Undergrad: 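Attaching a single structure in structure tokens format; questions to follow.
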Amino acid sequence: MAYDFVKIEKKWIGRYDGFEGFRGKNFDNKEKKYILVEFPYPSGSGLHVGHAFSMTGSDVYARYMRMMGKNVLFPMGWDAFGLPTENYAIKVGRKPQIITKENTDKFKEQMRRLALSFDWEREVNTTDPDYYKWTQWIFIKLFEKGLATKEEMAINWCPSCKIGLANEEVIDGKCERCGTETERRTISQWVVKITAYAERLLEGLKNTNFIEKVKASQINWIDKREGVKIRFAVKNRDELLEVFTTRPDTLLGVTFMVIAPEHKLVADLMGNEEVKKYVEETKKKSEMERTELAKEKTGVFSGLVAVNPINGKEIPIWIADYVLVSYGTGAIMAVPSHDERDETFAKKYSLPIDREYVPDEKLMETIIEKGVGERSVNYHLRDWIFSRQHYWGEPIPMINCPVCGWVTVSDEELPVRLPEVLKYQPTDTGESPLANITEWVETECPKCGGKARRETDTMPNWAGSDWYFLRYCDPKNNQELAEISKMQYWMPVDVYVGGDEHNTLHLLYSRFIYQFLWDLGVVPKNIPEPYNKRLSHGVILGADGNRMSKTIGNTVIPDNVADVYGTDVLRTYMMFMGPFDSTMAWNERSLIGVRRFIDKISTLILESVGKYKETDLEGIRIVHRLVRGVGEDIAEFKFNTAIAKLMESVNYLSKNKIGLSNNELSMMVRILAPFAPFVAEEMWSRLGNNFSVHVAEWPKYNDKYLVSEIITLSVQINGKLRGTVEVTPEAEEAEVKNIAESLEKVQKYLSEGKVVKIIYIKGKTINFVVV
RNA sequence: GCCGAGAUGGCGAAAUGGUAGACGCACUAGCUUUAGGAGCUAGCGGGGAAACCCAUGGAGGUUCAAGUCCUCUUCUCGGCACCA
């Protein structure tokens, strides 16, 4: 066995610590390539195989790009704020700062072992005050531009985590993290107006090369709907009732109106006992109940009557919670003949249904002519609840002064540091644990100097990851979040690799923050979007085909695999498992297959060094073709087929005992290097080259070696394969036809009928059409 | 219900409209090793003695030629879901 991974890894691993070759160089003349893979949350359980997989894929690509002569920026950092660390810290009575340090150290060592070629000079950590200073700065700018406001609002409250949750963090009425059923609570919350950017976020997708499904998920989440706002008069009242509809053509089919229980019109109807009862009942319903009861619609007659602005028909106004106050105008015109939901409701409460009604396209014009409505656009996208009642997050840099109201912390006072205390248990009141730390909370108003209190809410997890890709461009800057010239050089991110679970929220939030910073002029004017290409990586399941989980006990720890097989085998196996973006199950046996391959290629190369003066033509052809194939596959993230090609060639070379001279061996070593960095380095050194193969030039193939002298063509009769012929690639039809016709089998078929047509595709096939 | 991605041997999977199943695993036979869950050689979609036939979820279609293009359909996975 030529491949003693323990010895080889030990020999080389230290050489990569602080290795200059893995650094992205600001303003270098080479073409830049910014390759980003999502930074992990450093959990206590360490880096798992999923991380290892996506990071290795990105690493292979980054190594290839370096060898292709690009100036590569391939950074890594830590998205370290978050509940698990906070909860664990409370449990063991230690500071989350310390626990985070331990976890990131562990992750970093695991990444080192996996030979991930990150530029550690640019490491960032969202919990580092020098980093979150700028996260806070961004918040202040949002506030100054009127995009962050504090509002009383009903939020989803997790009674177990004691935290307010954004809508997207509630899954089936349950807390995304702990699974506890959420409740509704009214709390004063910071809200960021991402909806102001809805159209920009939609339009901006045109400036990206995201894969289709990522674009689709962004478009669906924003969900733009074009329609009309129509005003209905309310009988015996001054107010008008405004509705939003995408079907103005059904306006004359309206038989009743529905308003949400929270609609402003409902407020002065509380004298009506039935209405009051219904509204109060609805309030008590949790999200869970509202979702579960989705099919069972409930409502009550409001006592009010609306007037159809076109035909003057009087129609009753109902109150029902199937109409949402948060969408459109919180009121609808119900057309039970053309809307299933309205029909269900109408049937339940015996409301009229105009089944004869035929929609009329011309109504749109009439509405506008009469001035009773105008075109309007609605987005599904909601504003972003930005407050969390927790300790382990970025403090929101705001001060509440009894005289001046909400005042921003001045730039000089940033960052507002988290107080380092041991006790910060969440409260039941809905207030952040920071509220109990009096000496931190009590402060002076930056405006009037009077007594004031700090905001005790912290930011959501997303805040730190919204802009980290900018910080990598200039990670140590303490004057600004990053110097514009450096961003000008590195941005946009060329390839962003991440998980499907971040294709909507993280991507949308970070695009929004980037666009906002663009409006501020702090990011380059000519770069409207932060990411060029977005790829989503696949998922690795346990050997049993289930998602890896500690409870099932099917998790795979990369370190354990590396202990047994070595890093090179682990990396190559993960890349060989299947397409980079697919779901794949772990398979110990296949891992052994890859070990055989690494062993075989090591033997082949190490035993050939210096043995052959020249490589014969066949060998040269194999190597050149391989160089092209592997390079093309890596460029497209098709690592599995790249490795298959390597295997195929190695099998062929050793089976046919084709010797390679050092020149061709060197080419082989270099194309193996991105996958199996340690053993490639060893071979590179044995070939007499200097450290390191990972900054060596990717070998160039010569086109003249890519064409074969003889190729095999298929001979078809009526499209069915009946034989093959071996000819030169340039062979003309007449020649191929002659050879093909001489085949016994072909003759047999030709004699059965008349040849009416011959189709000859050079290099592929000849097809005789016989009738 | 809506959006997206899929469906190819026993398994993971390859295939610019042109020899379906590359590569790997498993399996079978033989060799080899003190032994092996190690290595080597050969075979390996189904049927058939063979000629040949059948085969890429299903049904149609386009084409000289379809896993690949078109129409319809079934199922699986992921996401969203009372959004007017």
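It should be emphasised that the depicted structure is a prediction, and the values quoted were computed from it without experimental measurement. Per chain, numbering begins at 1; letters A, B, ... match sequence-line order.
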Undergrad: What is the per-nucleotide protein-contact pattern of nucleotides 3-14 of chain B, from the 5' end, where B denotes a base atom under 4.0 Å from a protein heavy atom, S denotes such proximity for sugar-phosphate atoms only, and - denotes neither?
TA: SS-------BSS
Undergrad: Nearest to the side chain of A:Asn767, heavy atoms from C-beta on, is which of B:rC52, B:rA38, B:rA65?
TA: B:rA65
Undergrad: A:Met647 has a side chain; which of B:rA51, B:rC25, B:rC23 sits nearest to it?
TA: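 Looking only at heavy atoms from C-beta outward on A:Met647, the closest nucleotide is B:rC23.
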Undergrad: Verify the contact: side-chain N or O of A:Lys600 to OP1 or OP2 of B:rC23, cut-off strictly under 4.0 Å; return yes or no.
TA: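 So the side chain of A:Lys600 is outside the cut-off, no N or O lying under 4.0 Å from OP1 or OP2 of B:rC23.
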Undergrad: Looking at A:Tyr565, I'd like to know if the NZ or CZ of A:Arg595 sits under 6.0 Å from its six-membered ring centre while staying within 45 degrees of the ring's axis.
TA: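 Pair A:Arg595/A:Tyr565 does not count as cation-pi.
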Undergrad: Within 45° of the axis and under 6.0 Å from the centre of the six-membered ring of A:Tyr322, does NZ or CZ of A:Lys297 qualify?
TA: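 That pair qualifies as a cation-pi contact.
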Undergrad: Could you check B:rG9 for me: syn (within 90° of 0) or anti?
TA: syn
Undergrad: What nucleotide among B:rA22, B:rC52, B:rC82 has an atom nearest to a side-chain atom of A:Glu648?
TA: B:rA22
Undergrad: Can you see if the side chain of A:Lys720 gets near the phosphate of B:rC54 - specifically, an N or O under 4.0 Å from OP1 or OP2?
TA: yes
Undergrad: Taking only residues at least two apart or on different chains, which pairs with a member in residues 745-759 of chain A satisfy side-chain hydrogen bond (donor to acceptor under 3.5 Å, both in side chains)?
TA: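 Every side-chain hydrogen bond (donor to acceptor under 3.5 Å, both in side chains) pair that includes a residue of residues 745-759 of chain A, provided the two are not neighbours, is A:Arg722-A:Tyr749.
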Undergrad: Send over the distance from A:Leu721 CG to B:rU19 P, rounded to a whole Å.
TA: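 Rounded to whole Å, this separation is 8 Å.
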Undergrad: Using the C1' atom as the reference point in each nucleotide, state the distance between B:rG9 and B:rA15 in Å, no decimals.
TA: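 Their C1' atoms lie roughly 15 Å apart.
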Undergrad: Please pick, from B:rC64, B:rA42, B:rA22, the nucleotide with the shortest atom-to-atom distance to any side-chain atom of A:Lys655.
TA: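 Among the listed nucleotides, the one closest to the side chain of A:Lys655 is B:rA42.
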Undergrad: Any side-chain heavy atom of A:Val258 sitting closer than 4.5 Å to one from A:Ile319?
TA: no
